[in-house]
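I have placed the structure first, in the form of structure tokens, so that the comments after it can refer back to it.
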Amino acid sequence: MPVFNRSGLRAAVSYVAASLAWSWAVTHLYPSGVPPYCPALWVLASAGLLYHCRNRQLSAAGVSPDLTRLRLATAVYDNTLEGVLVTDRQGRIVHVNPAFIDITGYSIEQVLGQNPNTFKSGHHPAEFYRQMFDTLAQKDKWSGEIWNRRKSGEVYPQWQTIQVIRDDQGELSHYVAVFSDISAIRRSEQELTRLAHHDPLTGLPNRLLFSALAEQALSSARTARQGCALLMIDLDWFQQVNDGFGHATGDLLLKTVVRRLQNLCAPGLTLARLGGDEFALLAEDCFTLNQATSLAQRIMGVLKPAFQVQGHTLLIGASVGISLFPHDADNAEQLLRNADSALFKAKGKGRGGYALYTEELTAHAQQRVEITAQLRDALEQNQLRVYYQPVHDLASGRLVGAEALVRWQHPLRGLVPPAEFIPIAEQSGLIAEIDAWVMTQACWQMVAWQQAGQSLDFIAVNVSSRLFGQSTLFAQVAAVLSATGLEPALLELEVTESAVMNEPDAALEQMHRLRELGIRLAIDDFGTGYSSLLRLKRLPVHKLKIDQGFVAGLPGDDDDVAITLAIIALARSMGLQVHAEGIEEEAQARFLHRHGCELGQGYWYGRPAPLLNVAINSVLPGTVQPKAKIPVI
Ligand code: C2E
Ligand code: MG
Ligand code: MG
């Protein structure tokens, strides 16, 4: 920019002209000599002229204070790293700076005249924008984090300040938005959070994050009344690997261990590295001891085979400590501590094993594991037996049916009652095989009785609630009926109250399909669970079996009397048959008969036995001796 432009030149010329005029005037007006005040006037006039010229020169050079500011602003606008966008009062973009182009990826031509909502990410609800414009209307300014979309489609966070610009009349003329791309900051924040909560070697959650996750899982489990298990895992020979082969090998080994453990992980399982060679696994929705111990066995199983690391074959194995929520602890910290002491116990017993926090649980769990394994053998080696218990008509005393009850003829323990192995079979899933086997045996037996001329009205078989929730039950029953040739109407399936009430929709569908087959359905142990009368009314069942717990108190116990009478009245009002179990005395049978109960079963009539004692046409319950014995097939 030149220092003199045309007006500057004009000022200089005027200065020279004024000086010449002054010299001429002084020479001609005062030929006899200059009065003494003239030099002072000259100095004053010169100073005035110089001042005037200087101003002209400066303005000629274009450096008025306003212009200076404008120029500075332009320089900042062009060179700042912040994106700048200016819109007119209608919101049309009128200016953007080079940083805007860099950040958004749009060219100037693509955005001029557009509305900034072109860059919306869809990340914010309409309410967010409404509040933003409210603030602008009230304060002329808004700042905050906003997520926008680049031309590439990438959504990124900006820190944005929007300023309203008003004209001299105070009317809104423009909006200026200045923003910085804070995606890098967000990324480093995330990275910092990740580093603070994860183990850098394996990428697994560290103790801090694991404790928080466990606390969260426990609080959901508390609400849903579910159980959780915390398994603390320690590698058995890791220290020796580290000492013998160095830390680099140790680190690689840890990474391989994690890969094997991660293969076990499924939704609801959280794995963490707590430090060194110690890991923790949180199993949500793990209520039973059996689930927790089988998980521990799977962990030990996957870590048992040799690891190949840097040309070395390494055998390490693991020990596991288990603590259960809510059995052992009611918060995450305590659960971790208990799992730790269980781990200590496991290590103390020799490596490669697991221990539970409480002693008796450890023994119990091991027993269960043994029983599960033995039960598998029992099925293969034909150690299960079916016993039959007679069911009588209370009015006539006639034998009308039988209930099939399973027993386990254990080679060492003798005859094991179902209470000791059915719950374990239910947890391990073996119950499906057991129930199918019992059902087949019972149906064959019924066919044999019929062929022998001993006609009963029904043979009852217990079906685990586990199977009742599965859609395969129907197919299984149909297969047994077709294999044995038993008339469906002669088969009665007993299912517990909880099985039909807990999953009402699945159970209802299952029951309807079973009924379509033509079989009979009974609700076992009625009165011990929770029944909704409304649901009960919708169930296509034939019979309610009064639980033996109520029969035991008859006829003396007022509560048992009241409950029994209520069940009989309920069954009759719904047109259902009513059947009492656990009749041990004649007085109980008479009481039940008098109050309208139709069928009875119990030691008074006969204990479950491999050979059924058949007493036909008894007049009074318990008064007739057995007439015939039919062998089990
Ligand atoms: P449940 O179906 O309620 O069977 C009746 C139980 O009461 C039988 O016990 C029977 O022996 C016993 N009992 C019968 N009369 C009397 C009596 O007068 N007094 C007393 N104190 N008890 C009597 P058990 O055979 O030990 O069976 C127990 C439970 O095991 C059965 O209860 C049933 O829920 C289950 N169960 C038995 N066999 C099977 C099976 O094959 N599959 C399934 N899923 N569960 C079975
Ligand atoms: Mg039963
Ligand atoms: Mg029962």
Side-chain angles (χ1 to χ4, degrees), residues 375 378-379 383-392 394 401-409 414-445 458-470 473 476-477 480 491-500 520-529 541-554 560 564 567 578-589 592 597 599-610 612-613 621-622 632:
L375 252 183
L379 270 161
Q383 293 170 6
L384 296 185
R385 303 280 178 270
V386 183
Y387 275 41
Y388 296 92
Q389 185 172 32
V391 178
H392 286 253
L394 290 181
E403 179 176 3
L405 295 157
V406 70
R407 303 284 181 269
W408 179 6
Q409 187 64 56
L415 203 63
V416 183
E420 283 187 34
F421 63 92
I422 292 283
I424 298 174
E426 284 183 332
Q427 278 164 14
S428 62
L430 277 176
I431 191 68
E433 272 180 73
I434 295 178
D435 277 0
W437 183 82
V438 173
M439 194 184 295
T440 313
Q441 297 299 308
C443 289
W444 279 123
Q445 178 66 77
F458 64 89
I459 176 79
V461 175
N462 293 283
V463 177
S464 161
S465 56
R466 290 283 173 128
L467 300 192
F468 225 76
Q470 290 172 12
L473 179 64
Q476 185 181 311
V477 175
V480 171
L491 177 64
E492 183 168 288
L493 296 189
E494 291 188 11
V495 59
T496 55
E497 202 178 0
S498 53
V500 272
R520 297 159 55 92
L521 293 168
I523 297 187
D524 204 356
D525 305 341
F526 191 78
T528 56
V541 290
H542 297 86
K543 175 193 272 191
L544 296 186
K545 285 186 82 174
I546 306 174
D547 187 68
Q548 52 178 276
F550 305 120
V551 175
L554 300 180
D560 286 347
T564 304
I567 296 175
V578 57
H579 172 150
E581 55 186 9
I583 300 174
E584 294 187 354
E585 295 163 12
E586 190 177 353
Q588 292 167 336
L592 285 160
C597 177
L599 302 176
Q601 161 187 8
Y603 294 169
W604 174 253
Y605 292 101
R607 289 182 179 251
L612 183 64
N613 295 328
V632 181

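Keep in mind that this is a model prediction, so the values were computed, not measured. Atom set for the values below is all heavy atoms of this structure, side chains included, hydrogens, waters and symmetry mates excluded. Atoms within each ligand, like the ligands themselves, are counted from 1 in listed order.
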(Q) Side chains of L491 and I459, heavy atoms from C-beta outward: is any pair under 4.5 Å? (A) yes
Q. Out of Y605, F421, Y603, Y387, who gets a non-hydrogen atom closest to atom 17 (C) of ligand 1?
A. Y603
Q: State, with a plain yes or no, whether a side-chain heavy atom of R407 is found less than 4.5 Å away from one of V416.
A: no
Q.
As a test of reading the structure, name the N/O/S atom of E494 that is nearest the Mg ion (ligand 2).
A. OE1
Q) Among I431, D525, V461, which residue places a heavy atom closest to atom 3 (O) of ligand 1? A) D525
Q | D435 contact mode with ligand 1 (heavy-atom cut-off under 4.0 Å) | A | side chain
Q | Opening angle between OE1 in E581 and OD1 in D524, taken at the Mg ion (ligand 3), to 10 degrees | A | 90°
Q.
Would E426 count as a contact residue for ligand 1, given that I'm defining contact as a non-hydrogen atom of the residue lying under 4.0 Å from a ligand atom?
A. no
Q. Within less than 4.0 angstrom of ligand 1, does A419 place any heavy atom?
A. no
Q) In terms of the angle between their ring planes, are W408 and F421 parallel, tilted or perpendicular, with boundaries placed at 30° and 60°? A) perpendicular
(Q) Walk me through whether H392 and I583 qualify under side-chain contact (heavy atoms from CB on, under 4.5 Å). (A) CA-CA 11 Å; H392 286 253; I583 300 174; over 6 Å; no
Q: Can you see which heavy atom on I567 is nearest to which on G527, and at what distance?
A: CD1-CA, 4.3 Å
Q) With the Mg ion (ligand 2) at the center, what angle do OE2 from E403 and OD1 from N462 span, rounded to 10 degrees? A) 90°
Q. What do we get for E403 next to ligand 1 when only non-hydrogen atoms under 4.0 Å count, side chain, backbone, both or neither?
A. side chain
Q) Are any of the side-chain heavy atoms of L375 and I434 separated by less than 4.5 Å? A) yes
Q: Take V391 and Y605 through the side-chain contact (heavy atoms from CB on, under 4.5 Å) test and state the conclusion after the steps.
A: CA-CA 8 Å; V391 178; Y605 292 101; over 6 Å; no
Q | Contact check, side chains of V541 and F526, non-hydrogen atoms, under 4.5 Å | A | no
Q: State the atoms of ligand 1, each with its element, that fall below the 4.0 Å cut-off from a heavy-atom position in E494.
A: 2 (O)
Q: Could you pull out, from L384, I583, V406, the option with a heavy atom nearest to atom 39 (C) of ligand 1?
A: V406
Q: Using a distance threshold of 4.0 Å (strictly less than), state whether atom 9 (O) of ligand 1 has a protein heavy-atom neighbour.
A: no
Q: Pull out every atom of ligand 1 sitting under 4.0 Å from any heavy atom of S464, numbered as shown with elements.
A: 44 (N)
Q.
If I take every N, O or S atom of D547, is at least one of them less than 2.8 Å from the Mg ion (ligand 3)?
A. no
Q.
Just to be sure I read this right, does ligand 1 sit under 4.0 Å from the backbone of L405, its side chain, both, or neither, counting only heavy atoms?
A. both
Q: Dump the intermediate steps for side-chain contact (heavy atoms from CB on, under 4.5 Å) on H542 and F458, then the final yes or no.
A: CA-CA 12 Å; H542 297 86; F458 64 89; over 6 Å; no
Q) At a 4.0 Å threshold, what atoms of ligand 1 neighbour a non-hydrogen atom of V438? A) 41 (O)
Q | Closest to atom 35 (C) of ligand 1 (judged by heavy-atom distance), picking from A609, A442, P418 | A | P418
Q. By number and element, which atoms of ligand 1 are closer than 4.0 Å to a non-hydrogen atom of G602?
A. 15 (N), 18 (O)
Q: Please write down residue, atom name and distance for the protein heavy atom closest to atom 11 (O) of ligand 1.
A: P608 CG, 3.2 Å
**Q.** Minimum-distance protein heavy atom relative to atom 1 (P) of ligand 1
**A.** D524 OD2, 3.7 Å
Q) Of R407, E584, Q548, E581, which has the heavy atom at the shortest distance from atom 12 (C) of ligand 1? A) Q548
Q) Is there side-chain contact between Q441 and L384, with heavy atoms separated by less than 4.5 Å? A) no
(Q) Any non-hydrogen side-chain atom of W604 less than 4.5 Å from a side-chain atom of Q588? (A) no
(Q) I'd like to know if E403 pairs up with K545 as an ion pair, taking the criterion as any Lys NZ or Arg NE/NH1/NH2 lying under 4.0 Å from an Asp or Glu carboxylate oxygen. (A) yes
**Q.** Shortest protein contact, atom 46 (C) of ligand 1 (heavy atom only)
**A.** N462 CB, 3.8 Å
Q. Of the protein's non-hydrogen atoms, which lies at the shortest distance from atom 15 (N) of ligand 1, and what is that distance?
A. Q389 NE2, 2.8 Å
(Q) If I take every N, O or S atom of D525, is at least one of them less than 2.8 Å from the Mg ion (ligand 2)? (A) no
Q: Side-chain contact test, heavy atoms from C-beta onward, threshold under 4.5 Å: evaluate it for L415 versus Y387 and give yes or no.
A: yes
Q: Check whether any heavy atom of P417 sits under 4.0 Å from an atom of ligand 1.
A: no
Q. Are Q389 and L405 close enough that some pair of their side-chain heavy atoms sits under 4.5 Å apart?
A. yes
Q) Applying the side-chain contact (heavy atoms from CB on, under 4.5 Å) test to L493, which of L521, D435, L467, D524 qualifies? A) L521
Q. Should the proximity of K545 to ligand 1, defined as any heavy atom under 4.0 Å, be assigned to the side chain, the backbone, both, or neither?
A. neither
Q.
So for M439, does at least one of its heavy atoms come nearer than 4.0 angstrom to any atom of ligand 1?
A. no
Q: Kindly indicate, with the supporting measurements, whether the criterion side-chain contact (heavy atoms from CB on, under 4.5 Å) is fulfilled by N462 and I422.
A: CA-CA 11 Å; N462 293 283; I422 292 283; over 6 Å; no
